[in-house]
2 protein chains.
Amino acid sequence: MAKAGPDKSTTKGGSYHHGALREALVDKALEILASDGVDNISLRSVAKAVGVSHTSTYRHFANKDGLLTAVATAGFLDLAAEIEEAYGTAATLQEQRLETAVAYCRFACANPNLYKLMFSSFLKDKDGEEALNNAMNETFRRCEQLGRQDAEARGAGAEQQGLAGVAAWVVVHGAASLAIEGILEKAASGNVERDRLIRRVLQSLYEI
Amino acid sequence: MAKAGPDKSTTKGGSYHHGALREALVDKALEILASDGVDNISLRSVAKAVGVSHTSTYRHFANKDGLLTAVATAGFLDLAAEIEEAYGTAATLQEQRLETAVAYCRFACANPNLYKLMFSSFLKDKDGEEALNNAMNETFRRCEQLGRQDAEARGAGAEQQGLAGVAAWVVVHGAASLAIEGILEKAASGNVERDRLIRRVLQSLYEI
DNA sequence: CACACAATGTTACCATTGGCAACATTGAAA
DNA sequence: TTTCAATGTTGCCAATGGTAACATTGTGTG
């Protein structure tokens with residue numbers, strides 16, 4: 001994820017300057033987040049895993065929240081990409097709505113700790129972090145648009161379309177959150193795989 | 001909230017034994033959580049506010065998570081009570097569905113930090129904490145039931161009813177989460193008060 | 001009533017963590 | 001070549017969660 005820089009850490013054995021430390025920190029933080037959970041992420045653990053002193057992080061992030069915000073931003077960009085891919089492979093509006101929502105939930109289930117971090121970072125620096133806001137908008141724009149279009153196709157007015165756009169957020173976030181917690185399985189009767197279960201719940205919401 | 005014990009702290013000036021420390025700690029934690037946010041809750045700050053050494057908390061909770069779990073449990077019980085009240089004052093099934101959902105969102109908006117803590121405690125000791133599980137079930141039972149009943153009224157089969165029950169969770173949690181973050185307002189056109197906005201979004205979800 | 005004891009609370013004490021300040025190293029511009 | 005801004009390091013500090021040993025108190029039992 002987000003591997004773009006030259007990664008000079010491999011060019012020379014003990015080079016004092018890392019070269020792409022910021023990205024390396026974000027990547028390692030993503031790893032640690034996925035494996036050890038959000039409670040076990042510390043500036044020191046991330047820095048140590050990268051092989052750098054923990055205070056070097058302050059050359060790239062204002063504080064720990066800054067690092068976590070960058071991690072969340074990377075997550076939103078990844079999620080947005082997966083949504084767009086699902087959108088691209090669907091044909092009809094109904095399919096697009098369902099498949100983007102499924103992709104959203106699939107991402108959340110595949111990266112539960114990251115997803116929770118992403119959503120918990122929502123309001124922290126709400127108006128302060130430009131990159132985070134952009135990534136968020138990028139992520140939800142498609143969901144909202146599909147919700148609006150669906151309302152429009154049903155002949156709803158402008159206000160109803162706006163509400164339907166928000167409702168699309170509501171559905172995907174709610175479904176993803178419950179899916180992560182394993183509540184869908186708990187509520188299901190038989191042994192249904194999660195992916196299929198998510199589809200059914202979403203369909204039940206979209207078709208009624 | 002949860003004020004039931006004798007509160008012996010007022011009976012004698014400097015009594016060594018508090019008498020109802022556990023409840024006092026939970027209550028103070030609720031206060032601090034509401035005013036200072038979840039990041040500013042520490043065992044020490046809570047204990048200090050109660051006027052007790054921070055290690056005394058370990059006589060009543062296994063660790064910090066134990067205290068937070070108790071706080072979350074208290075939150076779920078409060079929420080369940082408000083849902084039941086809303087349920088009691090509604091007449092038709094549709095009204096019950098809407099009003100319980102509105103009550104749910106109103107609680108989340110009135111106690112945003114608590115609500116986030118409640119939901120973040122979901123999976124921590126999922127199978128370990130009996131009280132938390134009971135409070136959770138108490139909270140969501142009504143929502144799920146109303147979702148099922150609505151599906152039944154529409155002539156859906158047993159499986160569809162189960163999915164509709166889960167879908168009810170999805171909707172209320174999603175709506176509450178976005179309402180807390182102020183996303184509903186952001187997506188709305190005019191200057192609509194939040195309570196009214198939540199109603200409309202929920203109606204748009206329930207009626208389509 | 002005396003006394004043992006379990007329950008509850010307190011005082012050291014420790015490792016970890018986020019963060020600051022001062023210093024070290026390096027690449028690049030002048 | 002020299003200078004300097006960028007980047008990374010060590011030393012340090014306060015706050016925090018947690019453990020261990022000790023202090024206090026209510027309570028049941030002889």
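Order of the sequence lines fixes the chain letters, A, B, ..., with proteins taken first and strands second; residue numbering starts at 1 for each chain. Just the heavy atoms: all of them, side chains too, but no hydrogens, waters or symmetry mates, feed the values below.
- To the nearest angstrom, C1' of C:dG9 lies 15 Å from CZ of B:F61.
- Atom-to-atom, NE2 of A:H60 to P of D:dA5 comes out at 18 Å; the value is rounded to the nearest Å.
- The distance from atom NZ of A:K48 to atom C1' of D:dG8 is 18 Å, rounded to the nearest whole Å.
- Residue B:H54 is classed as a base contact, given a heavy-atom separation below 4.0 Å to a base.
- Between B:Y58 and D:dT19 there is no side-chain polar atom (N or O) within less than 4.0 angstrom of OP1 or OP2.
- For A:S45 and C:dT17, a side-chain-to-base donor-acceptor distance below 3.5 Å is absent, hydrogens and geometry of angles not being considered.
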*Going through the distances and angles, do B:F76 and B:F119 end up as a ring-ring contact (aromatic ring centres under 6.0 Å, His included)?*
CA-CA 10 Å; B:F76 274 118; B:F119 207 78; 8.2 Å; no
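- In this entry the distance linking CG of B:L21 with C1' of D:dT25 reads 15 Å, nearest Å.
- Rounded to whole Å, atom C1' of D:dT7 lies 16 Å from atom CD of A:E23.
- Taking the charged nitrogens against the carboxylate oxygens, B:R141 and B:E144 have no contact shorter than 4.0 Å, which rules out a salt bridge.
- The interatomic distance linking B:R22 (CZ) with C:dA7 (C1') rounds to 15 Å, in whole Å.
- Between A:L98 and A:V102 there is a side-chain heavy-atom pair separated by less than 4.5 Å.
- Spacing between atom CD1 of A:I32 and atom P of C:dT17 amounts to 11 Å, rounded to whole angstrom units.
- A:S53 has a side-chain polar atom (N or O) that falls below the 4.0 Å cut-off from OP1 or OP2 of D:dT9.
- With D:dG8, C:dG18, D:dG17 as the candidates, the nucleotide lying closest to the side chain of A:K64 is C:dG18.
- Ion pairing between A:E193 and A:R199 fails under the 4.0 Å rule for side-chain N and carboxylate O.
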*Yes or no on side-chain hydrogen bond (donor to acceptor under 3.5 Å, both in side chains) for A:R148 and A:Q145, after CA distance, side-chain angles and deciding distance?*
CA-CA 5 Å; A:R148 265 203 305 267; A:Q145 174 209 6; over 6 Å; no
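- Across D:dG17, D:dT9, C:dG19, the shortest atom-to-atom separation from the side chain of B:L43 is found for D:dG17.
- The side chain of B:R59 lies closest to C:dT8 when the candidates are C:dA21, C:dT8, D:dG18.
- Taking atom CD1 of residue A:I41 and atom P of nucleotide C:dT16, one finds them 18 Å apart after rounding to whole Å.
- Mapping B:N40 and A:T55 onto DNA chain D by nearest heavy atom places A:T55 closer to the 5' end of the strand.
- Nearest nucleotide to the side chain of A:R44, out of C:dT10, D:dG17, C:dT17: C:dT17.
- Comparing D:dT9, D:dG17, C:dG18 against the side chain of B:S42 picks out D:dG17 as the nearest.
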